[in-house]
Amino acid sequence: NFLPPDVANYDDWNEFFCDPARMVEGLLLHDGTRLFDLPHDRRFTALSRVDWQVSLEAAETKTHRELHSLWGVFATTHRVWLLHAVLFLAGVCTVTGDPPE
């Protein structure tokens with residue numbers, strides 16, 4: 001079973017933390033205020049009060065929709081299949097070649 005396509009995962013969270021503007025807007029404390037609205041010297045101590053469930057919601061952090069299919073299996077293994085086909089054909093050509101005289 002695959003995750004639904006609108007579930008946020010590590011790619012979305014990585015993108016969220018790598019984009020400063022989105023992180024400034026998205027990190028919310030339990031009382032609803034933004035982490036970056038606090039003075040700079042109080043932010044580190046406020047990290048324990050960040051509401052991670054709300055801050056990392058899929059609706060806020062999701063930037064692209066992921067769809068899963070069997071095409072992904074081929075896309076990740078096509079080089080292996082190509083190598084097998086080339087080696088098989090090379091073997092067939094070697095075995096069925098003209099016998100030495």
Side-chain angles (χ1 to χ4, degrees):
N1 292 327
F2 294 114
L3 291 173
D6 293 326
V7 172
N9 59 26
Y10 68 95
D11 287 333
D12 303 307
W13 299 327
N14 186 35
E15 190 173 329
F16 176 74
F17 285 107
C18 288
D19 184 1
R22 289 181 63 208
M23 192 168 64
V24 166
E25 293 294 320
L27 288 180
L28 301 174
L29 302 178
H30 286 289
D31 61 3
T33 60
R34 290 189 182 111
L35 175 68
F36 286 91
D37 287 344
L38 296 175
H40 189 271
D41 59 338
R42 292 182 45 213
R43 290 180 193 161
F44 183 76
T45 57
L47 279 175
S48 63
R49 298 191 325 260
V50 170
D51 190 350
W52 295 108
Q53 190 73 25
V54 171
S55 297
L56 298 177
E57 271 185 345
E60 299 297 322
T61 60
K62 195 78 177 158
T63 58
H64 62 280
R65 184 180 173 104
E66 297 177 21
L67 298 175
H68 303 281
S69 70
L70 289 177
W71 176 252
V73 175
F74 173 74
T76 58
T77 60
H78 71 279
R79 289 181 185 95
V80 173
W81 297 116
L82 179 64
L83 178 64
H84 278 85
V86 168
L87 291 176
F88 176 77
L89 290 174
V92 167
C93 290
T94 302
V95 169
T96 59
D98 290 334
E101 292 183 25

Do you reckon [X] sits in the same ILVMFWY cluster as [Y], going by side-chain contacts under 4.5 Å, direct or chained?
X   : Y   : value
V24 : L47 : yes
M23 : F44 : yes
V50 : L38 : yes

key: Side chain proximity check, D11 to N14, heavy atoms < 4.5 angstrom   =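 Side chain of D11 against side chain of N14, heavy atoms only: no contact under 4.5 Å found.
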task = Determine whether R43 and L27 make a side-chain contact, defined as any pair of heavy atoms from C-beta on separated by less than 4.5 Å.
result =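 SC-SC contact between R43 and L27 ruled out.
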request  = Compare every heavy atom of S55 with every heavy atom of G26, then report the nearest pair and how far apart it is.
outcome  =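 Residues G26 and S55, closest heavy atoms: O-OG, 3.3 Å.
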Value rounded to 0.5 Å, distance of CG in L28 from CD in E57 =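 Separation between the atoms: 9.5 Å.
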inquiry  = Rounded at 0.5 Å granularity, tell me how far CZ in R42 sits from CG in L35.
reply    =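 One gets 10.5 Å once the value is rounded to the nearest 0.5 Å.
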task = Indicate yes or no for a side-chain donor-acceptor contact from T33 to the backbone of L29 under 3.5 Å, with no hydrogens or angles considered.
result =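 Answer holds: no.
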message = Does L70, at its CG atom, have more than 12 non-hydrogen atoms belonging to other residues, nucleotides or ligands within less than 6.0 Å?
response =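 12 or below, so no.
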task = List the steps and the verdict of ring pair (Phe, Tyr, Trp, His ring centres under 6.0 Å) for F16 and W13.
result = CA-CA 5 Å; F16 176 74; W13 299 327; 9.6 Å; no
